[in-house]
Amino acid sequence: MKFLPMFDRVLVERLAAETMSKGGIMLPEKAQGKVLQATVVAVGPGSTNQKGKLTPMSVKVGEKVLLPEYGGTKVNLEDKEYFLFRDADILGKYVE
């Protein structure tokens, strides 16, 4: 089953939290910081402006993005955890 977000929504999968410090020490779950990086899994078609024209999305599937610390809607699909954000809520994207 494929999931397609509506309007200006973006479906992302957060990257895994680091479980080991740079010195090689195992970190407990409480010491691990919240992961703010994610990979875009699916994007909606975009939103319409006041004139009725479609505003294109600023991210594409497969890009790595920076998320806000709070927000987003948690979605469970096929036993995996994803988050839905509005396109405007995404803080930035990583380019190589």
Side-chain angles (χ1 to χ4, degrees):
M1 180 169 54
K2 193 170 184 176
F3 182 82
L4 181 65
M6 300 297 290
F7 305 111
D8 65 339
R9 303 287 199 288
V10 179
L11 184 71
V12 297
E13 182 177 13
R14 288 187 193 259
L15 299 179
E18 296 211 14
T19 57
M20 198 168 282
S21 71
K22 292 179 182 177
I25 298 171
M26 293 285 289
L27 298 173
E29 282 188 36
K30 286 190 175 189
Q32 296 172 6
K34 192 170 186 182
V35 179
L36 301 179
Q37 296 177 5
T39 302
V40 177
V41 177
V43 295
S47 61
T48 54
N49 61 17
Q50 292 178 348
K51 295 180 181 178
K53 294 196 175 196
L54 192 66
T55 305
M57 300 294 280
S58 59
V59 294
K60 296 177 187 150
V61 174
E63 290 184 326
K64 295 206 183 315
V65 295
L66 180 66
L67 302 174
E69 190 170 353
Y70 300 103
T73 303
K74 188 177 180 181
V75 178
N76 289 318
L77 298 170
E78 299 175 0
D79 298 329
K80 280 187 150 184
E81 191 175 90
Y82 299 97
F83 289 88
L84 270 173
F85 285 91
R86 286 188 179 273
D87 188 40
D89 291 341
I90 294 175
L91 302 175
K93 59 183 176 180
Y94 296 97
V95 290
E96 294 160 13

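Following chains of ILVMFWY side-chain contacts shorter than 4.5 Å, one cannot reach Tyr82 starting from Val10, and the two form parts of different hydrophobic clusters. Cluster membership for Leu67 and Leu84, using ILVMFWY side-chain heavy atoms within less than 4.5 angstrom, is not shared. There is no path of hydrophobic side-chain contacts, each under 4.5 Å, that joins Val41 to Phe83.
Within the structure, side chain to side chain donor-acceptor pair (under 3.5 Å) contacts touching residues 41-59 (residues at least two apart or in different chains) are Ser58-Asp87.
Across Leu36 and Glu69, no two heavy atoms sit closer than the pair CD2-CA, 3.6 Å. The shortest heavy-atom contact between Pro5 and Pro45 is O-CD, 3.8 Å.
Between Val43 and Lys60, every side-chain heavy-atom pair lies at or beyond the 4.5 Å cut-off. At a threshold of 4.5 Å between non-hydrogen side-chain atoms, the residues Arg9 and Arg86 count as touching.
From Asn76, atom CG reaches atom CD of Glu81 across 5.5 Å, with rounding to the nearest 0.5 Å.
In this structure, Arg14 places its CZ atom where more than 12 heavy-atom neighbours from other residues, nucleotides or ligands lie under 6.0 Å away.
The one candidate from Val12, Leu11, Thr73, Val59 that meets the side-chain contact (heavy atoms from CB on, under 4.5 Å) condition with Phe85 is Val12.
For Lys80, the salt bridge (charged side-chain N to carboxylate O under 4.0 Å, His left out) partners are Glu13, not counting sequence neighbours.
Within the hydrophobic cluster formed by Ile, Leu, Val, Met, Phe, Trp and Tyr side chains joined at under 4.5 Å, directly or through other members, Tyr70 stands alone, with no partner residue.
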